[in-house]
> 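Starting off with a structure, shown below.
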Amino acid sequence: MKKVKRLAILGAKGTRGQRIAAFRHFNRFYTRRIGVLRERPYEIPLSLTEVRVLYELAHGNNLTARLLATELGLDAGYLSRILARFEKRGFLRKSPSDSDGRESLLWLTKAGQEAFAQVDAISRDEVGNLLGSLSSSEQDRLVCAMRAIEELLGGSSKRRSAYILRPHQPGDIGWVVHRHGVLYAQEHRWDEHFEALVAEIAAKFIQEFDPKLERCWIAERDDEIVGCVFLVKHSKTVAKLRMLLVEPAARGLGIGKRLVEECVRFARQAGYRKITLWTQSSLHAARSIYEKAGFRMVKKNRHRSWGHDLVAEIWDLTL
């Protein structure tokens with residue numbers, strides 16, 4: 001029973017309570033794994049909060065105690081005591097602020113810089129040892145997951161970072177097939193026959209590609225592929241939208257909407273009179289994008305594919 005409950009807590013989907021429990025479980029695991037519960041994590045006489053303050057002082061510019069307290073979310077009195085200890089150790093010097101005579105700018109002394117260098121070297125070694133137990137691909141997965149956490153919880157300014165759309169190039173089609181297989185297995189539990197279907201569609205696109213009437217768009221963000229869509233010839237007057245996908249970490253940025261808009265724009269320029277697409281009733285996010293773009297469902301039928309009973313839908317957009 002305990003094992004079943006644990007799996008439910010750690011699952012990718014669940015109730016709000018289960019998500020909260022999973023979040024708290026991860027937080028406990030992470031703090032234990034990284035070692036932040038140790039009183040002397042860097043084997044020097046500095047607390048964890050003091051290490052955070054030292055890091056900001058080493059990387060900041062024109063910092064004041066007020067700005068530092070805001071950046072780190074620390075109580076002003078608590079930070080004041082830390083800065084006083086730093087001064088006593090010879091780590092910190094102050095200079096008057098030109099913009100506000102009531103505040104002082106904070107700078108690390110040579111001794112403070114040396115203390116930070118020691119902390120930084122030990123931290124790098126610890127992280128390097130931790131990553132050393134993982135393969136290169138596992139390290140990449142870990143870094144991507146950390147980036148997703150930071151972006152999702154760090155505020156809208158980071159989440160709205162720029163992305164670009166570009167034509168396909170060598171290597172992209174393999175990514176399209178791979179990520180469709182992985183994500184649909186993870187999110188919908190579709191089996192490998194779905195990946196085989198995507199591989200067939202992608203291979204046909206390359207083998208019969210007509211650049212005047214067909215197009216693939218690849219979305220990139222921070223030099224990583226985060227999405228794709230294809231528009232292919234269905235008949236002389238009808239184009240078919242296929243294989244729309246957006247990576248989980250990039251959802252919410254409007255990439256899916258933009259990819260569909262590019263398909264519509266290109267179809268009009270190419271002289272098509274209609275765009276059609278085939279989707280499943282369970283793909284709610286994609287269906288919402290199609291509906292907002294003006295597509296309307298014209299047909300549906302039940303079928304069993306990829307290990308599940310599904311309802312297929314055909315949506316059309318008259319241009």
> If you define the side chain from C-beta out and look only at heavy atoms, does anything of Y290 sit under 4.5 Å from T279?
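Yes, at least one pair of side-chain atoms sits under 4.5 Å.
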> Hey, can you pull the donor-acceptor pairs under 3.5 Å for the side chains in residues 71-78, sequence neighbours left out?
residue	atom	partner	partner atom	Å
D75	OD2	G77	N	3.0
D75	OD2	Y78	N	3.0

> Taking a hydrophobic cluster as the set of Ile, Leu, Val, Met, Phe, Trp and Tyr residues connected by side-chain heavy atoms closer than 4.5 Å, whether directly or through intermediates, do V260 and Y272 fall within one such cluster?
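Same cluster.
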> Is there any salt bridge (charged side-chain N to carboxylate O under 4.0 Å, His left out) pair reaching into residues 165-178, and which pairs are they, with sequence neighbours excluded?
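Of all non-adjacent pairs touching residues 165-178, those that pass salt bridge (charged side-chain N to carboxylate O under 4.0 Å, His left out) are R166-D172, R166-E220.
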> Decide yes or no for R242 and V232: does some side-chain heavy atom of the first lie under 4.5 Å from some side-chain heavy atom of the second?
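Of all side-chain heavy-atom pairs linking V232 with R242, at least one is under 4.5 Å.
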> Hey, are the side chains of R273 and T318 touching, using non-hydrogen atoms and a 4.5 Å cut-off?
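Result no, sub-4.5 Å side-chain heavy-atom pair not found.
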> Does the side chain of E195 come within less than 4.5 Å of V177's, by heavy atoms?
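A side-chain contact exists here, since the closest heavy-atom pair is under 4.5 Å.
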> What pairs meet the side chain to side chain donor-acceptor pair (under 3.5 Å) rule with one or both residues in residues 80-90, with sequence neighbours excluded?
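Every pair satisfying side chain to side chain donor-acceptor pair (under 3.5 Å) with a residue in residues 80-90: E50-R85, E87-K94.
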> Check whether the ring centres of W190 and Y184 lie less than 6.0 Å apart, and answer yes or no.
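Centroid separation for W190 and Y184: below 6.0 Å.
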> Keeping the roles fixed (side chain from D120, backbone from F116), state whether a donor-acceptor pair exists under 3.5 Å.
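Checked: no pair found.
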> Between R251 and E187 (salt bridge meaning N to carboxylate O under 4.0 Å), is one present in this structure?
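A salt bridge is present here (some side-chain N lies under 4.0 Å from a carboxylate O).
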> Using a 3.5 Å distance criterion without hydrogens, assess whether the side chain of T70 forms a donor-acceptor pair with backbone atoms of R66.
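Yes, the answer is positive, given that a donor and an acceptor are paired below the 3.5 Å cut-off.
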> Could you please spell out the steps behind the side chain to side chain donor-acceptor pair (under 3.5 Å) verdict for W315 and T276?
CA-CA 6 Å; W315 292 59; T276 189; over 6 Å; no
> Does anything in residues 230-261 form a ring pair (Phe, Tyr, Trp, His ring centres under 6.0 Å)? List the pairs, not counting sequence neighbours.
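Residue pairs passing ring pair (Phe, Tyr, Trp, His ring centres under 6.0 Å), neighbours aside: F205-F230.
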> Write out all pairs satisfying salt bridge (charged side-chain N to carboxylate O under 4.0 Å, His left out) with one or both partners inside residues 275-297, taking only residues at least two apart or from two chains.
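Only R287-E313 qualify under salt bridge (charged side-chain N to carboxylate O under 4.0 Å, His left out).
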> Does F266 have more than 12 heavy atoms from other residues, nucleotides or ligands lying within 6.0 Å of its CZ?
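Enclosed: over 12 neighbouring heavy atoms sit under 6.0 Å from CZ of F266.
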> Decide yes or no for W306 and L197: does some side-chain heavy atom of the first lie under 4.5 Å from some side-chain heavy atom of the second?
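They are in side-chain contact.
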> Heavy-atom distance under 4.5 Å between the side chains of L92 and T109, does that happen here?
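No, every pair of side-chain atoms sits at 4.5 Å or beyond.
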> To check you understand the geometry: which heavy-atom pair defines the closest contact between T64 and L106, and what is its length?
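Residues T64 and L106, closest heavy atoms: C-CD1, 3.9 Å.
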> Is there side-chain contact between R258 and I255, with at least one heavy-atom pair below 4.5 Å?
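Contact flag for R258/I255 side chains = no.
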> Same hydrophobic cluster for L277 and F194, using side-chain heavy-atom links shorter than 4.5 Å among ILVMFWY?
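No, L277 and F194 fall in different hydrophobic clusters.
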> Using a 3.5 Å distance criterion without hydrogens, assess whether the side chain of S133 forms a donor-acceptor pair with backbone atoms of L130.
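Yes.
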> For the pair Q280 and H303, evaluate side chain to side chain donor-acceptor pair (under 3.5 Å) and give the outcome as yes or no after the intermediate values.
CA-CA 10 Å; Q280 308 300 317; H303 66 109; 2.8 Å; yes
> Salt-bridged, E262 to R265, with N to O below 4.0 Å?
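Yes, charged N to carboxylate O under 4.0 Å.
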> Under 3.5 Å, side-chain donor or acceptor atoms of residues 206-218 against the rest of the protein: list the pairs with distances, not counting sequence neighbours.
residue	atom	partner	partner atom	Å
D210	OD1	K212	N	3.1
E214	OE1	D210	N	2.9
E214	OE2	K233	N	3.0

> Indicate if F29 and M146 have the same hydrophobic cluster label, given that clusters are the connected sets of ILVMFWY residues with side-chain heavy-atom separations under 4.5 angstrom.
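Same cluster: F29 reaches M146 through Ile, Leu, Val, Met, Phe, Trp or Tyr contacts under 4.5 Å.
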> Are any of the side-chain heavy atoms of N301 and I314 separated by less than 4.5 Å?
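They are not in contact (no side-chain heavy atoms under 4.5 Å apart), so the answer is no.
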